[in-house]
Amino acid sequence: MNNIIVISGPSGSGKSTLIRRLLHKHPEIVFSVSHTTRPRREREVEGRDYYFIGVEQFKQMIANDEFVEWAEVYGNYYGTGAREIETRRKQEQNKFLALDIDVQGARNIKTKYPDALFIFVVPPSLEELQNRLLKREKKEDESTRTRLEIARQELKEYGTYDYIVVNKDLDEAFYILNAIYTAYRNTTARREYFIKRLAMGGKE
Ligand code: 5GP
């Protein structure tokens with residue numbers, strides 16, 4: 001049984017905020033910390049947000065087959081460590097692992113873990129996405145244009161996902177995300193262990 005939740009979404013979709021809220025509400029969900037070659041941002045913490053490593057080390061890890069998936073996103077490398085996913089996944093029956101990865105990563109995870117939950121967070125419109133990106137970056141620069149173009153490409157990959165969360169209003173989007181997770185957590189396959197015990201007089 002794989003308790004894996006994959007959440008993707010274009011830059012500016014509000015995906016990171018939604019994931020933070022989900023983790024805050026559900027302590028049984030563990031965040032999968034990826035490796036990346038991009039520089040650490042001011043508020044990021046090594047080992048909490050990412051493992052920040054150099055390109056050479058990243059390539060060595062690829063060669064050693066240490067990633068369950070990896071991809072190049074916005075000119076940097078990102079990868080999910082195989083060890084991360086395997087050890088955390090097996091820890092406990094009731095733990096869930098959340099992966100914040102791009103569309104390429106989601107596709108690769110789907111091949112390896114088809115029973116994972118795949119959620120795509122999208123903006124209500126490209127105009128709104130542009131506004132959010134501009135607000136974040138203060139001025140229209142190459143990066144905003146690049147991210148918009150990449151978003152347009154990413155949206156075409158919707159077929160990989162089980163659910164689409166349109167983030168127009170953050171509270172509403174979170175309500176939907178939470179409902180999706182709650183349903184996944186209570187599928188018969190994930191409740192089998194409990195229901196067998198229940199029949200013998202056990203408790204949750
Ligand atoms: P950021 O640099 O803004 O933190 O992330 C950029 C993009 O890389 C986001 O879409 C994020 O989901 C994706 N990403 C982060 N970690 C991984 C990973 O391990 N694998 C893949 N494929 N994408 C990742």
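Counting convention: from 1, in listed order, for ligands and their atoms alike.
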Any idea which atoms of ligand 1 are less than 4.0 Å away from a heavy-atom of [X]?
X      : value
Gly79  : 18 (C), 19 (O)
Arg38  : 1 (P), 2 (O), 4 (O)
Gly105 : 22 (N)
Ala71  : 22 (N)
Val73  : 7 (C), 8 (O)

Contact partition for [X] relative to ligand 1, non-hydrogen atoms under 4.0 Å:
X      : result
Asp100 : both
Glu84  : neither
Trp70  : neither
Glu69  : side chain
Lys15  : side chain

Residue and atom name of the nearest protein heavy atom (relative to [atom]), distance in Å to one decimal:
atom                    : value
atom 5 (O) of ligand 1  : Tyr50 OH, 3.4 Å
atom 23 (N) of ligand 1 : Asp102 N, 3.1 Å
atom 19 (O) of ligand 1 : Ser34 OG, 2.7 Å
atom 2 (O) of ligand 1  : Tyr78 OH, 2.4 Å

Heavy-atom contact under 4.0 Å between Phe67 and ligand 1?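 Contact check Phe67 vs ligand 1: negative.
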If we only consider heavy atoms of Arg41, is any one of them less than 4.0 Å away from an atom in ligand 1? yes
Once side chain to side chain donor-acceptor pair (under 3.5 Å) is applied, do any residues pair with Gln60, and if so which ones, sequence neighbours excluded?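 With neighbours one apart ignored, the set is Asn64.
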Passing candidate, salt bridge (charged side-chain N to carboxylate O under 4.0 Å, His left out) with Glu28, options Arg190, Arg185, Lys95: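 Among Arg190, Arg185, Lys95, the one meeting salt bridge (charged side-chain N to carboxylate O under 4.0 Å, His left out) with Glu28 is Arg185.
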Under 3.5 Å between any N/O of Thr80 and any N/O of ligand 1: does that happen in this structure?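 By distance alone, the answer is yes.
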I'd like to check [X] versus [Y] (side-chain heavy atoms, cut-off strictly below 4.5 Å). Are they in contact?
X      : Y      : result
Val122 : Asn167 : no
Ile29  : Ile5   : yes
Arg147 : Gln130 : no
Asn108 : Trp70  : no

Evaluation steps, side-chain hydrogen bond (donor to acceptor under 3.5 Å, both in side chains), between Arg107 and Thr160: CA-CA 6 Å; Arg107 225 184 297 128; Thr160 305; 4.8 Å; no
Phe67 and His35 aromatic centres sub-6.0 Å: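 Ring centroids of Phe67 and His35 are less than 6.0 Å from each other.
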Ring centroids only, cut at 6.0 angstrom: are Phe58 and Tyr77 within range, meaning strictly under it?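 Yes; Tyr77 has its ring centre under 6.0 Å from that of Phe58.
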Would you please say whether a donor-acceptor pair under 3.5 Å links the side chains of Ser8 and Tyr161?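 There is such a pair (donor and acceptor under 3.5 Å, judged by atom type) between the side chains of Ser8 and Tyr161.
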Is it the case that Arg40 places NZ or CZ above or below the six-membered ring of Tyr50, under 6.0 angstrom from the centre and within 45 degrees of the axis? no
